[in-house]
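The structure under discussion appears below in the form of structure tokens.
Here is how names work: the chains are called A, B, and so on, in the same order as the sequence lines, proteins then strands, and each is numbered from 1.
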Amino acid sequence: MPELPEVETVRLQLRQKVRGKTIACVEVFHPKTVAHDRAIGRKLKGLTIADIDRVGKLLIVSFQDSAHHLLAHLKMTGQFLYVDKGKVSGGGHTLSPIDTTLPSKHTRVAFHLEGGSTLYFNDMRLFGYTKLASPREVEEARAAFGPEPISDTFDVEAFVRGAKKRRTPIKAILLDQSFIAGLGNIYVDEALFRAGVRPTSLGTSLSLPRLRLVAVAARDVLSESIAVGGTTFQHFADTGGEKGNFSDYLRVFGKQNTPCAVCGTNIVKIRCAGRGTHYCPKCQKP
DNA sequence: AATTATGTTGCGGT
DNA sequence: AACCGCAACATAAT
């Protein structure tokens with residue numbers, strides 16, 4: 001579920017809600033979610049959260065007076081839910097995708113904060129994790145990511161040159177986090193629709209101008225989604241349990257067998273790069 | 001009731 | 001090295 005816009009939404013909210021707060025104790029409900037670190041509670045207790053950073057879909061929590069960081073990846077179904085003295089902060093949640101009372105069946109870790117609030121990490125499918133990392137490990141993690149399309153320093157021409165060399169579907173190229181960071185299955189399909197490019201087209205087969213269109217579409221779709229709190233397709237909820245509004249703007253993802261908003265041709269769904277893939281056969285050219 | 005699908009990524013194989 | 005397919009896991013839909 002969570003791709004760059006959803007993780008960024010969570011990051012901005014966590015920044016507001018937990019920055020400056022001190023960890024009172026950590027409750028581990030599932031050891032896999034803390035990378036089987038049995039001492040994580042002892043290590044985190046007393047640390048004050050300095051800031052929340054992000055690279056690609058990875059969250060990086062820093063602490064005052066400590067060189068260590070907490071890395072957190074939501075993978076498919078992870079959620080950070082912030083509860084201030086018994087109430088999920090969003091309030092109006094009509095939460096089908098999230099659990100209404102916390103901790104719940106899917107709560108894997110609870111970070112109890114001084115002052116009585118709690119940050120819950122829920123994760124149905126157990127792919128997500130939180131783990132303590134040394135400065136060196138944080139640097140290694142950062143180095144594994146390619147540039148982000150929303151970065152001020154994103155180099156469209158470098159993207160175009162790199163993609164042009166790869167004899168693999170453009171969809172696979174866009175999903176490669178070490179080449180370009182932040183896109184997942186939803187935003188790749190949406191960006192390729194905007195660019196008018198068929199997901200199955202090989203990088204080597206696309207013209208430089210069409211690859212430029214892809215880069216610009218990727219940047220636009222991510223920034224527009226961030227502006228409305230991300231996309232909820234199935235599981236995403238922000239730290240208050242609220243859904244993301246970009247779901248209303250999806251043009252192809254999940255729209256198979258419905259008419260394209262631009263030309264009326266039915267959107268089709270195929271398998272590409274091992275993933276369910278949606279596109280308009282008329283608007284998107286090979 | 002069994003099979004298939006699911007938004008991520010890392011692994012092992014070609 | 002670049003690329004492909006699958007496994008990790010739980011749940012909902014068919």
Please determine whether a side-chain nitrogen of the Lys or Arg among A/Glu8 and A/Arg54 lies less than 4.0 Å from a carboxylate oxygen of the Asp or Glu. yes
Just compare C/dC3, B/dT9, B/dT6 and give me whichever is closest to any side-chain atom of A/Lys269. B/dT6
Salt bridge or not for A/Lys75 and A/Asp123, using N-O below 4.0 Å? no
In whole Å, I'd like the distance from the CZ atom of A/Arg271 to the P atom of B/dT4. 12 Å
Atom CG of A/Asp176 and atom C1' of C/dG5: how far apart are they, to the nearest Å? 16 Å
Cation-pi check, A/Arg108 to A/Tyr120: give yes when NZ or CZ is under 6.0 Å from the six-membered ring centre and within 45° of the ring axis, no otherwise. no
Would you tell me if any nitrogen or oxygen in the side chain of A/Thr77 comes within less than 4.0 Å of OP1 or OP2 on B/dT6? no
Rounded to whole angstroms, how far apart are CD1 on A/Ile173 and C1' on C/dC3? 11 Å
Same-atom distance (P) from C/dC6 to B/dT4, integer angstrom: 13 Å
Please report the distance, rounded to the nearest Å, between CG in A/Leu4 and C1' in B/dT9. 16 Å
Using atom CG of A/Asp189 as one end and atom C1' of B/dT6 as the other, report the distance to the nearest whole Å. 14 Å
What's the OH-P distance between A/Tyr129 and B/dT9, to the nearest Å? 9 Å
Pair A/Lys243 + A/Asp238, salt bridge at N-O below 4.0 Å: no
Does a side-chain N-to-carboxylate-O contact under 4.0 Å join A/Glu157 and A/Arg161? no
Hey, does A/Gly274 reach any base, or is it just sugar-phosphate, or nothing, if we go heavy atoms under 4.0 Å? nothing
Under 4.0 Å, heavy atoms only, any strand: does A/Gln177 hit a base, just the sugar-phosphate, or nothing? sugar-phosphate
Can you check each nucleotide of nucleotides 8-14 of chain C against protein heavy atoms at under 4.0 Å and return B for base, S for sugar-phosphate only, - for none, in 5' to 3' order? BBBS---
B/dT9 P sits how many Å from A/Leu71 CG, rounded? 14 Å
Taking any strand in view, what nucleotide pairs with C/dC9 in a Watson-Crick or G-U wobble way, both distances under 3.5 Å? none
Identify whether the distance between the nearest side-chain nitrogen and carboxylate oxygen of A/Lys17 and A/Asp84 falls below 4.0 Å. no
Which part of the nucleic acid, if any, lies within contact of A/Gly128, taking any heavy atom under 4.0 Å across all strands shown: a base, the sugar-phosphate backbone alone, or nothing? nothing
Look at all strands and tell whether A/Arg275 reaches a base, only sugar-phosphate, or nothing, counting heavy atoms closer than 4.0 Å. base
For B/dT9, does OP1 or OP2 lie under 4.0 Å from any side-chain N or O of A/Lys57? yes
Does A/Arg166 place a side-chain N or O at less than 4.0 Å from the phosphate oxygens OP1/OP2 of C/dC3? yes
Pairwise side-chain contact, A/Thr239 with A/Leu81, heavy-atom cut-off 4.5 Å (strictly under): no
Contact under 4.0 Å: A/His73 side-chain N or O vs B/dT9 OP1/OP2: yes
The ring-ring contact (aromatic ring centres under 6.0 Å, His included) partner of A/Phe253 among A/Phe193, A/Tyr279, A/Phe233 is A/Phe233
When rounded to whole Å, the CG to P distance for the pair A/Leu175 and B/dG10 reads 13 Å
